[in-house]
Every structure is written in C-alpha cells, then in structure tokens.
Number of protein chains: 2
Amino acid sequence: MATPQLTKNQALVMGALTHSDGPLSAYTILDKLRDQGFRAPLQVYRALDKLLEYGLVHRLESLNAFVACACPHEHEHEHGVTAFTICEGCGQVTELQDEVIEERLSTLARAQEFKTEKTTIEIRGQCKSCAI
Amino acid sequence: MATPQLTKNQALVMGALTHSDGPLSAYTILDKLRDQGFRAPLQVYRALDKLLEYGLVHRLESLNAFVACACPHEHEHEHGVTAFTICEGCGQVTELQDEVIEERLSTLARAQEFKTEKTTIEIRGQCKSCAI
DNA sequence: CAATTGATGTAATAACATAACAGTGCCGTT
DNA sequence: AACGGCACTGTTATGTTATTACATCAATTG
C-alpha cells in the first residue's frame, strides 16, 4: 500500500508520535494536540486508524498505546511480522524483525489451516539499563 | 507454583471460563455470575488476577478477554511461551507451544540484554472453518 | 449539477480497569 | 481466650480506553 499524503489530523497525530520517545495512549495524544484544535477522542482514533493502515504506526496491544514505526522507509513494501520488546522500567520499545519466527508462525498456522491476518508479538520485561 | 485451593470467587470465575467455549471479557463474566452474588467488576478482576498467577487462565491482550488454559494438568511446572490463534469469525482460540519460537525469542532478547518477564503472541485471522 | 466518497466536528455512551476504604474469617502465637 | 497478621471479600466511586450516532464540509466524478 502506497502511503498517501496525510491529512492535517493524521499529520498532527503522526507528529506527536514521532516526537515522543516512547509509546503514547490515544488520550495522551489528544492532550498533546488540544492546542492544535483537537477536542475529542475520535479525532485521534480516526487518524490512528489510517496511520495503522498505512503502516506508519504500530499498536501495542499489551499497553493500549501506539508508537511510530521505527523503520520509516519500509512502508511501501509490506514488512512482515514485527516483534516488540517493551521495558516496564523506562517504557523503551524496540522493534524486531525475525525471519525464523515469521516462518515458524507461518508453518504453525498452516498446520491448522489458519489464515493469518495480523500477528502480535510483545515481550515485556526489563531493558539492559533497567534490569537490576 | 503449586495451585492452592481456589476460593469461592476464584472457583466461580474459573467455572464460568471453563464452561464457555471461547474467551470472555471480565464484564461478561460479571454478568454470568450476578446470580451467584457478584455485584462489582473488582470481584471478577481480583479472581482473574489470582487465576492468571496460578496459570489456570490466560489473558488475550488483543481482545481484552480471558480464556481457561487448555492444558489443565500442566500448571505445576511453569509452561513456556504460549501462542494463540484467534479466529475473527467464530472466536475460537487455540493454544500453541513451540520450542523453536521460544528459543528464538530468548536469543533475540539476550542479544539486547533484555530480561523477559512475559511474552504475548497472538495470531488473529480466520480458522479453517471460517476462512472463505 | 447531483451523487458519491472521504475527512471532520461534536456529544453521548459503552467497555475496560483500578483506587480507596471497610469489613470478615482464618490461622498461629502468646 | 485474646491478639495480631494476613488473605479474601464487599462496595462505591472514579479513571481510562474506545465506539456509536449524527451532522457538516470539501473534493471528485458521472
């Protein structure tokens, strides 16, 4: 999917995420954008839906939060499964791509004739700096 | 962790989950247990916390819902990472254990000196029966 | 122009989760 | 028995996340 020109709201939400050094909840984004005229959650959610669709943003299910994609130039060609490490200490999120896991999950799905649409892999724990 | 005797509330919540053929949200469980005297969400969430701790129940992050563990006799010895396939059509959830994925995730975490506490793997899509 | 499509604005509400505080029953010790 | 500690419970209120419903606007197209 080629990324179209972002609308004003989409660009504002994208900006909030790229200028943050960690994941943000939809309501945190809303608060950051009140000065730019945002008034309601739906303005954020609608923009996020599109950004997710374009592959510019990831949703972290275990956090109910969103991050800008770390690899900004790979959106034209669908990238595969992305895994995330999420530090409970500092909130740092790292993206991982791994062929082995991707193939293995694909094999497991095929074995039960399951048609995969979206895969979530999230590793919660302590990053190097935050581990005791 | 040895599983202790369940309390009344824990047993009721566990029962609701085992008698369901799919995942249930906390509020759905609450509604099912109103006749047994449940009145407030916290009664459900507190029981769920314990059941999760004992490994009798899994939380599906992408669904905000809970399922009874499929392998009821494996709770004494910590089981490793569990992956789930979740059918968008019929709601069926399947548990998968896989050594390859587990080791690979472990390797990836070690490579960045990340100390894993909890891993979530959820595959959303269409099961054999629901695929078009 | 009329019709369609996609984006927006707003209010209200639904769904998910926790905080704070009080009370209860059980167990082990004195 | 009296005490203290602990885990579980009950209840109210509140906080957080996400969606429904409806109206409007602008651009595109037949």
Side-chain angles (χ1 to χ4, degrees), chain A residues 1-17 20 22-54 56-67 86 88 91 118 120 122 124, chain B residues 1-17 20 22-54 56-67 86 88 91 118 120 122 124:
Chain A
M1 168 175 339
T3 305
Q5 190 62 29
L6 299 184
T7 68
K8 178 171 161 250
N9 284 2
Q10 290 160 15
L12 285 167
V13 169
M14 191 68 209
L17 285 170
S20 163
L24 298 176
S25 77
Y27 279 74
T28 303
I29 294 170
L30 174 57
D31 287 340
K32 285 184 181 295
L33 295 180
R34 289 210 187 269
D35 292 347
Q36 336 298 323
F38 273 50
R39 316 276 310 173
L42 210 49
Q43 296 175 290
V44 178
Y45 282 109
R46 286 202 276 228
L48 285 171
D49 282 347
K50 285 298 177 184
L51 295 172
L52 289 166
E53 183 185 327
Y54 303 153
L56 298 172
V57 162
H58 299 287
R59 177 187 172 93
L60 300 175
E61 300 287 354
S62 67
L63 244 39
N64 293 323
F66 304 84
V67 276
I86 302 170
E88 310 274 7
K118 170 116 174 47
T120 297
E122 298 179 14
R124 308 274 302 252
Chain B
M1 166 173 341
T3 305
Q5 191 61 30
L6 298 184
T7 67
K8 178 170 162 256
N9 284 3
Q10 289 159 17
L12 285 167
V13 170
M14 192 68 207
L17 285 170
S20 163
L24 298 176
S25 76
Y27 278 74
T28 302
I29 294 170
L30 175 58
D31 287 340
K32 286 183 182 295
L33 295 179
R34 289 209 187 269
D35 292 346
Q36 336 298 323
F38 273 51
R39 315 275 310 173
L42 213 47
Q43 296 174 289
V44 178
Y45 282 110
R46 287 200 275 228
L48 285 171
D49 283 346
K50 285 297 175 185
L51 296 172
L52 289 167
E53 183 185 326
Y54 303 153
L56 298 172
V57 162
H58 299 287
R59 178 188 172 92
L60 300 175
E61 301 286 355
S62 67
L63 244 37
N64 293 325
F66 304 84
V67 277
I86 303 170
E88 311 273 7
K118 170 116 174 45
T120 298
E122 298 179 15
R124 309 275 302 255

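Basis for what follows: all heavy atoms, side chains included, without hydrogens, waters or symmetry-related copies. Each chain gets a letter, A, B and so on, in the order its sequence line appears, and its residues count up from 1. Worth saying up front: this structure is predicted, and the values here are computed from it rather than measured.
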Do [X] and [Y] make a side-chain contact, defined as non-hydrogen atoms from C-beta onward lying under 4.5 Å apart?
{"X": "A/V13", "Y": "A/V57", "answer": "no"}
{"X": "B/R46", "Y": "B/N9", "answer": "no"}
{"X": "A/V67", "Y": "A/R59", "answer": "no"}

Closest to side chain of A/A26, choosing from C/dC16, C/dT18, D/dA18: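 Closest of the options to the side chain of A/A26: D/dA18.
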side-chain N/O A/R59 vs D/dT17 OP1/OP2, d < 4.0 Å: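 No, outside the criterion.
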Any A/Y45 side-chain N or O less than 4.0 Å from OP1/OP2 of D/dA18: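 Answer is yes, contact under 4.0 Å.
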Separation of [N] [atom2] from [X] [atom1] (nearest whole Å):
{"X": "A/L30", "N": "D/dT19", "atom1": "CG", "atom2": "P", "result": "15 Å"}
{"X": "A/L33", "N": "C/dG9", "atom1": "CG", "atom2": "P", "result": "11 Å"}
{"X": "B/Q5", "N": "C/dC27", "atom1": "CD", "atom2": "P", "result": "13 Å"}
{"X": "B/D31", "N": "C/dA14", "atom1": "CG", "atom2": "P", "result": "13 Å"}
{"X": "A/L63", "N": "D/dT16", "atom1": "CG", "atom2": "P", "result": "15 Å"}
{"X": "A/L48", "N": "D/dT19", "atom1": "CG", "atom2": "P", "result": "11 Å"}

Nearest heavy atoms of A/A16 and A/L24, plus distance in Å: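 In this case the closest contact between A/A16 and A/L24 is O-CD1, 3.6 Å.
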Shortest non-hydrogen contact from B/F66 toward B/L52: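 Between these two residues, the closest heavy atoms are CE2-CD1, 4.1 Å.
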Residue met sooner reading DNA chain C from 5', once B/P41 and A/P41 are mapped to nucleotides: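 Result of the comparison: A/P41.
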Salt bridge flag under 4.0 Å for residues A/E122 and A/R124: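 Looking at A/E122 and A/R124, the cut-off is not met.
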Tabulate atom names and distances for all N/O pairs under 3.5 angstrom spanning the protein and nucleotides 8-11 of chain D.
residue	atom	partner	partner atom	Å
D/dT9	OP1	B/T7	OG1	2.9
D/dT9	OP1	B/N9	N	3.4
D/dG10	OP2	B/N9	ND2	3.0
D/dG10	OP2	B/Q43	NE2	2.5
D/dG10	N7	B/R46	NH2	2.4
D/dG10	O6	B/R46	NH1	3.1
D/dG10	O6	B/R46	NH2	3.2

Presence of donor-acceptor pair under 3.5 Å, side chain of B/Y27 and base of C/dA14: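 Result: no qualifying N/O pair found.
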Side-chain donor-acceptor pairs under 3.5 Å in residues 30-45 of chain A, sequence neighbours left out?
residue	atom	partner	partner atom	Å
A/D31	OD1	A/R34	NE	3.3
A/Q43	OE1	A/R39	N	2.6
A/Q43	OE1	A/A40	N	2.9

